[in-house]
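Note that ligands are numbered from 1 as they come in the structure, with each ligand's atoms numbered from 1 the same way. For clarity, every value in this text was computed on a predicted model and none was experimentally measured.
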Amino acid sequence: MEKKVIFSGIQPSGKLTLGNYIGAVANWVKLQDEYDCYYCVVDLHAMTQYQVPKDLRRQTLEAMAVYLACGLDPEKNTLFIQSHVPAHAEAAWLMSTMTYFGELSRMTQFKDKSSRQSENINAGLFTYPVLMACDILLYQADLVPVGSDQKQHVEITRDIAERFNNRYSETFKIPEVYIPKVGARIMSLQEPTKKMSKSDENENAIIYLLDPPEVIKKKFKRAVTDSIGKVQLSDDQPGIKNLISIYSVCRNMTPEEVVEKYKNEGYGVFKDAVADAVIEVLKPVQDRFHELMNNKAYLEEVYKAGAEKAERTARKTLRKMYKKVGFIPR
Ligand code: AMP
Ligand code: TRP
């Protein structure tokens with residue numbers, strides 16, 4: 001029986017965070033045996049914010065190294081860089097003609113980002129979901145594992161795909177979103193009602209995957225909590241709730257089990273325990289990451305082989321799309 005297909009990606013727009021790990025990559029690793037997986041470093045998407053060229057180059061390579069360091073096996077998965085497969089950009093043009101201004105205007109990420117980067121509300125920021133839809137549809141993906149902030153983008157992908165299928169006959173598989181039960185939205189350590197995001201200017205709000213242990217300890221010690229002083233699951237305690245989610249994912253326990261274990265402890269003790277859990281999970285990832293970054297030839301081998309394989313699948317779908325809309329084959 002053919003395996004079902006997964007597609008997902010992360011933008012190389014900064015250093016990867018604990019949110020990217022828990023919300024995305026850690027789940028990808030769990031899915032790699034059961035599915036035929038395409039995991040992409042989406043550099044075209046990263047261009048919707050200004051990137052310093054040399055930083056973008058480094059961050060792209062680092063993201064690829066993180067994928068491998070987290071345990072994605074290049075023999076089992078197709079690991080590649082989005083700009084290496086031109087079909088993504090080509091498909092995006094065609095699909096942008098079938099996506100409406102009104103539906104793109106409703107995207108909350110567009111609204112958020114355009115208020116944060118009011119000096120650079122570029123056309124790409126607006127059409128971003130169309131490119132994301134093509135990423136997914138070109139591989140006929142069944143499942144898209146992402147954090148909850150991306151749910152709306154997967155929904156618009158389904159709408160665009162259905163529109164194409166209805167207009168030109170069955171062409172695309174309609175993908176489903178896959179959101180983890182715990183950890184779908186890791187919050188900022190400083191403003192726990194906001195998502196932990198690579199682009200936050202306050203470094204204390206973010207745990208980076210490559211933060212050394214002392215830094216991780218310090219950031220958790222400073223994490224904003226509340227004056228209630230009890231480790232419990234309550235919407236009035238977003239900071240503590242976030243720490244419970246993080247601990248729960250790192251120690252493979254349910255949030256309720258975590259509360260049971262720490263309900264009689266103070267926040268200081270709990271924060272230290274969370275920091276230790278994160279440090280333990282990240283240590284092997286960091287060791288392997290540094291090894292990989294010292295072996296650029298290997299990284300290159302992986303992303304070149306990935307692009308070749310991705311290209312074959314993506315071209316096949318793109319050819320079908322072109323034929324169906326009436327383009328003359330060369
Ligand atoms: P991005 O960093 O925006 O490219 O996001 C890459 C992936 O990480 C997507 O699947 C996001 O949903 C996920 N992600 C990013 N930040 C978080 C977060 N704070 N909590 C959970 N998942 C996240
Ligand atoms: N938009 C996603 C994010 O910022 C990244 C992304 C691009 C993606 N293309 C994708 C995720 C396709 C899943 C599938 O997180």
Side-chain angles (χ1 to χ4, degrees), residues 5-28 31 37-49 51 56 59-60 62-63 66-67 70 78 80-83 85 88-89 91-92 95 107-110 112-113 116 124-125 127-158 160-161 175-200 205-209 238 241-242 245-246 249 310 314:
V5 177
I6 279 186
F7 188 99
S8 198
I10 294 183
Q11 302 184 65
S13 50
K15 295 183 279 185
L16 299 202
T17 70
L18 187 64
N20 294 132
Y21 181 74
I22 295 180
V25 189
N27 299 303
W28 302 357
L31 297 163
C37 304
Y38 291 83
Y39 295 126
C40 185
V41 179
V42 293
D43 53 352
L44 299 174
H45 277 107
M47 292 305 291
T48 56
Q49 287 165 278
Q51 304 293 337
L56 180 62
Q59 285 157 195
T60 303
E62 283 180 356
V66 166
Y67 285 7
C70 289
T78 308
F80 70 107
I81 298 170
Q82 191 184 27
S83 64
V85 182
H88 292 240
M95 294 310 245
M107 295 291 115
T108 50
Q109 183 172 300
F110 172 70
D112 280 0
K113 287 197 177 167
R116 266 189 282 136
L125 194 64
T127 57
Y128 178 114
V130 179
L131 179 60
M132 176 161 163
C134 293
D135 294 343
I136 298 167
L137 299 175
L138 282 173
Y139 299 91
Q140 305 288 358
D142 296 277
L143 213 59
V144 183
V146 284
S148 59
D149 62 318
Q150 295 301 315
K151 185 162 177 260
Q152 202 184 23
H153 289 161
V154 180
E155 282 162 4
I156 197 176
T157 300
R158 294 165 57 90
I160 300 170
E176 305 270 346
V177 69
Y178 175 95
I179 293 174
K181 278 199 196 68
V182 181
R185 194 171 167 83
I186 299 299
M187 308 310 263
S188 152
L189 298 186
Q190 290 300 312
E191 284 173 80
T193 50
K194 258 181 42 187
K195 178 184 99 154
M196 181 185 287
S197 158
K198 289 188 201 106
S199 51
D200 201 316
I206 314 164
I207 303 287
Y208 293 112
L209 287 190
K241 198 174 191 176
N242 189 38
S245 301
I246 294 173
V249 173

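The shortest N/O to N/O separation between V146 and ligand 1 does not fall below 3.5 Å. Residue-to-ligand polar distances place D149 within reach of ligand 1: an N/O pair is separated by less than 3.5 Å. Here's the thing with G19: one of its N/O atoms is less than 3.5 angstrom from an N/O atom of ligand 1. Not one N or O of G9 is nearer than 3.5 Å to an N or O of ligand 1, by distance alone.
Counting all heavy atoms, side chain and backbone alike, A310 lies closest to T78 at N-CG2, 4.0 Å.
Side-chain atoms of H45 come within 3.5 Å of backbone atoms of Y128 as a donor-acceptor pair (strictly under, hydrogens ignored). Checking side-chain atoms of D142 against main-chain N and O of V5 turns up a donor-acceptor pair under 3.5 Å. Looking only at distances, a side-chain donor or acceptor of S8 sits under 3.5 Å from a matching main-chain atom of P145. The backbone N or O of G147 sits nowhere less than 3.5 Å from a side-chain atom of R185 that would complete a donor-acceptor pair. Side chain of D200 to main chain of A205: no donor-acceptor pair is present (N/O by atom type, distance under 3.5 Å, no hydrogens or angles). With hydrogens and angles ignored, the 3.5 Å screen pairs a side-chain donor or acceptor of Q152 with a backbone N or O of T108.
Residues Q150 and Q109 have side chains that bring a donor and an acceptor to within less than 3.5 angstrom of each other. Side-chain contact of S199 with Q49: a donor-acceptor pair under 3.5 Å is absent, judged by distance alone.
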Please step through side-chain contact (heavy atoms from CB on, under 4.5 Å) for the pair L131 and Q82, ending with a clear verdict. CA-CA 10 Å; L131 179 60; Q82 191 184 27; 3.7 Å; yes

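Under a 4.0 Å heavy-atom criterion, G183 is in contact with ligand 1.
Heavy-atom contacts of Q150 reach the following atoms of ligand 1: 12 (O) (cutoff under 4.0 Å). Within ligand 1, the atoms closer than 4.0 Å to a non-hydrogen atom of Q11 are 3 (O), 4 (O), numbered from 1 in the order shown. Atom numbering of ligand 1 starts at 1 in the shown order; those under 4.0 Å from a heavy atom of A24 are 7 (C), 8 (O), 10 (O). Of all atoms in ligand 1, numbered sequentially from 1 with element shown, those under 4.0 Å from a heavy atom of G23 are 21 (C), 22 (N).
A heavy-atom cutoff of 4.0 Å around ligand 2 is satisfied by the protein residues F7, S8, G9, Q11, V42, H45, Y128, M132, D135, I136, V144, V146, Q150.
Note on ring orientation: taking the six-membered ring where Trp is involved, the planes of F7 and H88 are tilted (angle from 30° to 60°). By the 30° and 60° cut-offs, the orientation of the rings of Y38 relative to Y139 is tilted.
With hydrogens left out, the protein atom closest to atom 19 (N) of ligand 1 is I186 O, 2.7 Å, a heavy atom. The protein heavy-atom contact nearest to atom 16 (N) of ligand 1 is M196 O, 3.7 Å.
Contacts between N20 and ligand 1, counted as non-hydrogen atom pairs separated by less than 4.0 Å, involve both the backbone and the side chain. Looking at K198 against ligand 1, only its side chain comes within 4.0 Å, counting heavy atoms. The proximity of A184 to ligand 1, defined as any non-hydrogen pair under 4.0 Å, is limited to the backbone.
Selection from G147, A26, P145 by nearest heavy atom to atom 10 (O) of ligand 1 gives G147.
Considering Q59, Q11, K15 in turn, Q11 is the only one that fulfils the side-chain contact (heavy atoms from CB on, under 4.5 Å) rule with K198.
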